[in-house]
Protein chains: 2
Amino acid sequence: MKAQPLTYTSISMQHRPISVLIVDDHPMVVEGLKTLLSDNHTLMVKTHFTNGKDTLDFLEKEIVDVILLDVNLPDINGVEMVKLILDKRATIKILGLSTYSEPSIINQMIKNGVKGYLLKNATSDELVNAITQVDQGNFYFGSEVQKILADSVSQESKDSPKLTRRETHILRLIADGKTTNTIAEELFISPLTVETHRRNLMQKMEVSNAASLIKIAVEKKLI
Amino acid sequence: MKAQPLTYTSISMQHRPISVLIVDDHPMVVEGLKTLLSDNHTLMVKTHFTNGKDTLDFLEKEIVDVILLDVNLPDINGVEMVKLILDKRATIKILGLSTYSEPSIINQMIKNGVKGYLLKNATSDELVNAITQVDQGNFYFGSEVQKILADSVSQESKDSPKLTRRETHILRLIADGKTTNTIAEELFISPLTVETHRRNLMQKMEVSNAASLIKIAVEKKLI
DNA sequence: TTCAATATACTGGAAAACCAGTAGAAAAAA
DNA sequence: TTTTTTCTACTGGTTTTCCAGTATATTGAA
């Protein structure tokens with residue numbers, strides 16, 4: 001926000017447009033966002049960046065109300081970006097933006113403090129609404145995103161019986177095709193211990209052989 | 001094409017702008033494309049559609065020079081769309097458009113007849129260049145896409161020792177966590193036969209246990 | 001500090017997978 | 001048709017996994 005004259009008009013909400021920063025490495029998306037937002041004079045796209053570093057540099061000197069943040073930047077990943085931005089400027093409202101919707105990433109982003117999340121197939125109305133909502137301190141998650149999150153929560157609590165760190169590690173090694181003895185050697189523990197972990201893993205995952213174990217591990221992206 | 005004198009053809013080209021159709025379900029991408037292309041008066045974006053069906057209906061009555069086709073449409077998948085479009089209008093040049101780049105899909109699209117492929121992080125210049133090239137009957141694949149394709153080719157010929165149909169089937173069953181005996185019962189063959197297949201599979205895949213076998217199968221998307 | 005969870009380790013026995021070689025029948029390719 | 005590939009099946013033996021208990025040391029939370 002540049003120094004605006006302190007007149008009574010600039011105090012009222014309508015005359016103080018929400019400043020928006022776009023961070024996305026896809027020119028066509030950036031242009032699209034600009035075009036979609038240009039109609040609306042309650043919003044003002046300040047500028048845009050195509051990578052994380054430039055964005056952070058910019059935020060050293062300037063501030064904006066809302067950042068539209070693409071999750072897949074070329075240099076810094078979205079989850080990390082949220083943290084870095086909020087470390088600098090805790091009051092900025094970040095709106096995550098992504099084509100696809102991976103629950104785990106969305107969840108991490110929320111944990112790190114995004115105020116909303118939009119899929120790139122959002123309409124112009126949704127977009128403007130989302131920005132307005134988060135600017136006012138509310139959360140905005142589109143119905144699609146909410147559904148995805150709900151699904152992931154129910155799925156997680158259902159088939160993810162919380163593996164311990166050691167178990168996760170051993171699962172990874174099993175999936176690498178290593179035998180019980182190899183794993184034991186590698187971890188400096190008894191093969192019998194590895195056996196026990198394997199057994200506990202299978203019990204937790206509710207399967208009866210290593211094959212299923214690996215398949216599930218892959219599905220759950222534990223590997 | 002570079003530095004050509006103003007001949008009759010180059011003048012006539014200018015008076016017949018390339019008509020472009022955009023097919024993408026992301027409003028912000030559509031707007032971005034329109035904006036990026038609006039500067040260039042050798043191109044003319046005729047209209048846009050957000051799904052496959054509407055596009056095909058439109059092509060019943062009208063024709064365009066180039067279609068910018070998003071691979072991930074909500075109703076019909078990109079690979080199929082290429083075929084359907086070319087069945088109707090064989091002369092249309094299709095330019096595939098996608099955020100991510102899965103070699104198998106790009107390959108299939110090419111097989112079905114796309115004239116080029118662009119990633120969504122393409123710049124305005126690349127975009128215009130790609131459209132111009134394919135309109136002239138040339139192919140256009142960005143350097144990134146070419147690299148992806150080259151990688152996938154070398155990878156495929158390296159670690160894909162052509163499984164037979166039966167082997168693929170049995171691999172799938174093994175990955176489902178089924179035991180040799182179960183598989184044998186299911187396929188009405190001897191467990192010994194299943195053993196043999198399993199052995200051949202492991203030999204072909206150059207691994208020494210079922211775990212690695214499954215991991216490879218997953219990686220190769222055989223499952 | 002106490003208690004619960006986790007990681008460690010063992011016994012012993014059953015089941016399944018793994019290895020190597022051979023070979024006939026059926027199907028596909030030449 | 002002939003040849004090759006694929007699918008089928010077997011013998012015999014080794015290794016690994018799987019299952020059901022038990023048990024102790026360590027770690028982290030209450």
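Numbered from 1 within each chain, the chains take letters A, B, ... in sequence-line order.
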Identify which nucleotide among [options] has an atom closest to any side-chain atom of [X], counting heavy atoms from C-beta outward.
X: Met202(B); options: dC10(C), dC19(C), dT8(C); answer: dC19(C)
X: Arg199(A); options: dA16(C), dA9(D), dG21(D); answer: dG21(D)
X: Glu167(A); options: dT8(D), dC10(D), dA7(C); answer: dA7(C)
X: Thr179(A); options: dC18(C), dT17(D), dT8(C); answer: dT17(D)
X: Asn181(B); options: dA16(C), dC18(D), dC7(D); answer: dA16(C)

From [atom1] of [X] over to [atom2] of [N], roughly how many Å is that when rounded to an integer?
X: Asn200(A); N: dA20(D); atom1: CG; atom2: P; value: 12 Å
X: Ile170(B); N: dA17(C); atom1: CD1; atom2: P; value: 13 Å
X: Glu195(A); N: dG12(C); atom1: CD; atom2: P; value: 16 Å
X: Leu192(B); N: dA17(C); atom1: CG; atom2: P; value: 12 Å
X: His197(A); N: dC18(D); atom1: NE2; atom2: C1'; value: 16 Å
X: Leu213(B); N: dC18(C); atom1: CG; atom2: C1'; value: 12 Å
X: Ile189(B); N: dT6(D); atom1: CD1; atom2: P; value: 16 Å
X: Gln203(A); N: dT17(D); atom1: CD; atom2: C1'; value: 16 Å

>> I'd like to know whether NZ of Lys83(B) has more than 12 heavy-atom contacts from other residues, nucleotides or ligands below 6.0 angstrom.
In response: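 Counting other residues, nucleotides and ligands, NZ of Lys83(B) stays at 12 neighbours or fewer.
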Closer than 4.0 Å, any side-chain N/O of [X] to the OP1 or OP2 of [N]?
X: Arg165(B); N: dT6(D); result: no
X: Thr193(B); N: dT8(D); result: no
X: Thr196(A); N: dC10(C); result: no
X: Ser190(B); N: dT8(D); result: no

>> Strictly distance-based, threshold 3.5 Å: is any side-chain N or O of Asn181(B) a donor or acceptor partner for the main-chain N or O of Ala184(B)?
In response: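 It does not hold such a pair.
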> Do any N or O atoms from the side chain of Asn121(B) and from the backbone of Asp25(A) form a donor-acceptor pair under 3.5 angstrom?
Replying inline: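 Not at all, since once roles are kept as given, no pair shorter than 3.5 Å links the two residues.
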>> Going by side-chain contact (heavy atoms from CB on, under 4.5 Å), Leu56(B) matches just one of Asn51(B), Val23(B), Leu84(B). Which one?
In response: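 For Leu56(B), the side-chain contact (heavy atoms from CB on, under 4.5 Å) check succeeds only for Leu84(B).
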> Does the distance from a Lys or Arg side-chain N to an Asp or Glu carboxylate O, for Asp57(B) and Lys53(B), drop under 4.0 Å?
Replying inline: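 Salt bridge: yes.
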